[in-house]
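Okay, structure first, notes after.
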Number of protein chains: 2
Amino acid sequence: MDASSDLQNRVPRKRRKMQRVTMMDVAKLAQVSPSTVSLYLRKPGAVSPAAGQEIARAISTLGYVPNLVAGGLAAASSKVVSIIVPSIRNAFFAETVSTIQSELSAEGLQVILGHSEYGEDQEEALVRTALSWAPAAVVLTGLSHNAETRKLLQASGVPVVEMWEIGGKPIDMAVGFSHPQVGASAARHLLSKGRRSLAFLGARMQEDHRAAKRASGFAEETKRAAEPATCEIINHPGAATVEAGSLLLNRALRQIPNLDGIVCSNDLIALGALFECQRQGVAVPERVSLVGFGDLDFSASCIPSLTTIRPSGDLIGREVARLILASIHGERPEGTSLVVDTGHVLIERRSS
Amino acid sequence: MDASSDLQNRVPRKRRKMQRVTMMDVAKLAQVSPSTVSLYLRKPGAVSPAAGQEIARAISTLGYVPNLVAGGLAAASSKVVSIIVPSIRNAFFAETVSTIQSELSAEGLQVILGHSEYGEDQEEALVRTALSWAPAAVVLTGLSHNAETRKLLQASGVPVVEMWEIGGKPIDMAVGFSHPQVGASAARHLLSKGRRSLAFLGARMQEDHRAAKRASGFAEETKRAAEPATCEIINHPGAATVEAGSLLLNRALRQIPNLDGIVCSNDLIALGALFECQRQGVAVPERVSLVGFGDLDFSASCIPSLTTIRPSGDLIGREVARLILASIHGERPEGTSLVVDTGHVLIERRSS
DNA sequence: CTGAAAGCGCTAACAA
DNA sequence: TTGTTAGCGCTTTCAG
């Protein structure tokens, strides 16, 4: 009897749409109104201790799980933050995403992830779906986006953080560092070591604008050098992998007879170049100095250890999270800049 | 003038009240009812061409973006798939997540990401929030979860896929391979090379149950060998990094005098071990054979190239996506097993 | 094929 | 502090 009546009113006829426990159920059991439960959930201190206790009990006996979808609709802004990166497989972005996720989940925010594969139109599509979640914030990678993307975001009024790059006009906020400056630092380092025939080995630079900027910053600085030095930029159209590093090194060796200094657009490429040098009998750093970018896991351990530039994806992630939380809490400081420069550090090791 | 008006409409005073374009607006402009628009959006073929055209025009002139939050609430199931991995920084999971994301986004599903840092209670919390999105599916890593997690998931009725491991009873569906078998394959390979003093170098095995299973599969197989062979398992409590590989190798060298065969619980550790061998003057493969796991980017390029076992995170991702889509479309084949074994392949290279 | 109507579960004024 | 009252924007019967 009891069971069947229960069944009837909880299981709507057709779709066995699973009798989810709602806030209403909690309210009934706790003998308060639904809005009190809602209030309790959002600001536990705002309800009387007695009521709070009842509600807490009801929640746990019923196994209530709040429905964030409904909450998001009612509040006109869901608790999701959409992050769009070129690729999650990339260790840099994985680190940043991971950090952002940790920081935001502590505040009850969820992370929705998308990857654009370095395509601006892909990115636009992702922004579109992102926006359809009425997100609390959107995080993009870099400052290069197509016009439509910028327009959509601007029109939405949602806080936007562009990360991993500064030096242009952000849509809203930006956290990162200057890529040309990274290239310049690398160039200065090699020049200071007396290297004069330089090469920049990059991958996918037709799409990866940030890598391209590191390359051009490098080239500029070389031109500006006190002593005359030459510099060539070599691009591998495919992904930035260890394998690409090997290929690029061989091309550089062929194209530049006196090659004595190399900057790679990231440490994976540098590792490949290092392995290839070993294979070709090119002594590092005696004959050729090598500088990477990223300070990945292996960079300190490889042989010789790799001189590299650390951008700190972790710090970027933390700052992104901080800006997002400030925006959400309405604490966007008027006076303070909404562009955060996380800088970069050149870590000198054996390879140079 | 222009700037100030721009500012005004971009930064609403306090709460972003924002007049979003709704389906209603589209309906009005297209002179049809909202439900027709809704129908058109879900099954364009089901409305008359004339109406369809009007609606399409209205959508584009208005710049309408559907609100998935509202849709999810009404449909009682949102278009999100929640994926919970131990860590996104881990290249294996990054690859799988990336693949799942690509496959699902083609079907209009979003991916929400969480990482448990190898903690079962953390995982439970993530499952709780995941469920509060009324997700279309939930993806977990591995088969080890606490009782509460299993209960929550089971009670929810949401399709669940456990990935990267099979060999136990899944909550619902599972895609992966047997870790003990991976360990056994590695053991057989080394034994076949005449190696008799073996070591398994692993990291974080107190939490990473899958690595621990590879280790025990390895140990079992060694015991079972025709010729007598010894095997030690050495664990590094911290994360599985290149650095850890170096440390572990040194410990192994110290503990096992005649050490001649090593299996690492992943390629990062193997790379660190390789570097350390080079530093210590231990010839690979002459004195010690080395086998990794994962077939990461660098494994084919390093010196000597690394013998490793490829689990194919990509294939796992594709299968996970396939099962999810089948579940959602209600095509779960009764007869077919809901456990997919993606197997593993030993790739023999120079290090053994 | 199209439209009217009834919510989905929750939040946020506002009133009490 | 608590309860009442409206929706949030969409999907989904069910009629027409």
Side-chain angles (χ1 to χ4, degrees), chain A residues 9-28 30-55 59 62 64-80 108 131-136 156, chain B residues 14-28 30-55 58-59 62 64-79 108 131-136:
Chain A
N9 89 60
R10 313 286 285 344
V11 182
R13 62 210 90 158
K14 190 133 187 211
R15 288 162 79 76
R16 184 184 52 73
K17 212 46 249 173
M18 222 208 348
Q19 65 290 20
R20 211 180 156 132
V21 180
T22 71
M23 191 175 270
M24 187 80 152
D25 299 324
V26 174
K28 260 183 212 145
Q31 317 228 52
V32 296
S33 80
S35 60
T36 306
V37 178
S38 170
L39 187 60
Y40 169 78
L41 255 20
R42 279 168 299 117
K43 301 179 185 168
V47 305
S48 68
Q53 226 138 27
E54 280 305 308
I55 294 171
I59 286 176
L62 255 32
Y64 171 66
V65 178
N67 182 333
L68 292 179
V69 179
L73 180 58
S77 155
S78 64
K79 292 211 164 308
V80 319
L131 253 20
S132 66
W133 279 99
S156 74
Chain B
K14 187 109 187 237
R15 226 128 211 322
R16 173 169 52 76
K17 205 62 230 182
M18 225 212 341
Q19 302 276 59
R20 223 185 145 123
V21 179
T22 72
M23 192 175 269
M24 186 80 149
D25 300 324
V26 174
K28 260 183 212 142
Q31 317 230 51
V32 293
S33 80
S35 55
T36 305
V37 177
S38 172
L39 187 59
Y40 169 78
L41 254 21
R42 279 167 300 114
K43 302 179 185 169
V47 305
S48 67
Q53 226 138 29
E54 279 306 306
I55 294 171
I59 286 176
L62 253 34
Y64 170 67
V65 178
N67 182 333
L68 292 180
V69 179
L73 180 58
S77 155
S78 64
K79 293 213 164 307
L131 253 21
S132 66
W133 280 99

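Each chain gets a letter, A, B and so on, in the order the sequences are listed, and its residues count up from 1.
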Practice item. Please report, rounded to the nearest Å, how far the P atom of dG3(C) is from the CD1 atom of Ile55(B). Key: 8 Å

Review point. Asp25(A) and Val21(A): which non-hydrogen atoms are nearest, and at how many Å?
Key: OD2-CA, 3.5 Å

Check your understanding: Where the side chain of Ala70(B) is defined as all heavy atoms beyond and including C-beta, which of dT2(D), dG3(C), dG9(D) is the nearest nucleotide?
Key -> dG9(D)

Review point. Quick one: which of dT11(C), dT2(C), dT4(D) gets closest to the side chain of Met23(A)?
Key: dT11(C)

**Study point:** Rounded distance (Å) that lies between atom P of dT11(C) and atom CG of Asn67(A)
**Key:** 9 Å

**Study point:** Whole-Å gap separating C1' (dC8(D)) and CG (Asp25(B))
**Key:** 14 Å

**Study point:** Selected nucleotide, minimal atom distance to Ala75(B) side chain, candidates dC10(D), dT12(D), dC8(D)
**Key:** dT12(D)

Check your understanding: Between dT13(D) atom P and Leu39(B) atom CG, what is the distance in whole Å?
Key -> 12 Å

Revision key, fill the gap. Rounded to whole Å, CG of Leu41(B) lies from P of dT12(D) at a distance of 12 Å

Exercise for review: Kindly say whether Trp133(B) contributes a backbone atom to a donor-acceptor pair with the side chain of Ser78(B) at under 3.5 angstrom?
Suggested key: yes

Exercise for review: From the options dT2(C), dT2(D), dC10(C), select the nucleotide whose nearest atom is closest to the side chain of Thr36(A).
Suggested key: dT2(D)

Check your understanding: Between dT2(D), dG3(C), dC1(C), which nucleotide gets closest to the side-chain atoms of Val32(B)?
Key -> dG3(C)

Practice item. For Ala46(A) and for Pro34(A), find the nucleotide of DNA chain D with the closest heavy atom, then tell me which residue's nucleotide is more 5'. Key: Ala46(A)

Point to revise | Side-chain donor/acceptor contact of Ser35(A) with base of dT4(D) under 3.5 Å | key: yes

Revision key, fill the gap. Side-chain contact check for Arg42(A): nearest option of dA12(C), dT4(D), dG9(C) is dA12(C)

Practice item. Give Thr22(B) one of three labels, base, sugar-phosphate or nothing, depending on what nucleic acid heavy atoms sit under 4.0 Å from its own. Key: sugar-phosphate

Review point. Can you check the Leu68(A) CG to dC10(C) P distance for me, whole Å?
Key: 9 Å

Review point. If only side-chain N and O atoms of Ser38(B) are considered, is one of them under 4.0 Å from the OP1 or OP2 phosphate oxygen of dC10(D)?
Key: no

Review point. Taking the side chain of Ala74(A) as its heavy atoms from C-beta onward, which of dC8(C), dC10(C), dG3(D) lies nearest to it?
Key: dC10(C)

Check your understanding: Just checking, any donor-acceptor pair under 3.5 angstrom between side chains of Ser35(A) and Ser38(A)?
Key -> no

Practice item. Write down the distance between CE (Met24(A)) and C1' (dC8(C)), rounded to a whole number of angstrom. Key: 13 Å

Review point. Between Ser77(B) and Ala136(B), what is the shortest heavy-atom contact and its length?
Key: OG-CA, 4.3 Å

Review point. So, for Val65(A) and Leu131(B), which heavy atoms are closest and what is the spacing to 0.1 Å?
Key: CG1-C, 4.4 Å

Review point. For DNA chain C, whose closest nucleotide is more 5', that of Leu73(B) or that of Ser48(B)?
Key: Ser48(B)

Review point. dG3(D) P sits how many Å from Tyr40(A) OH, rounded?
Key: 15 Å

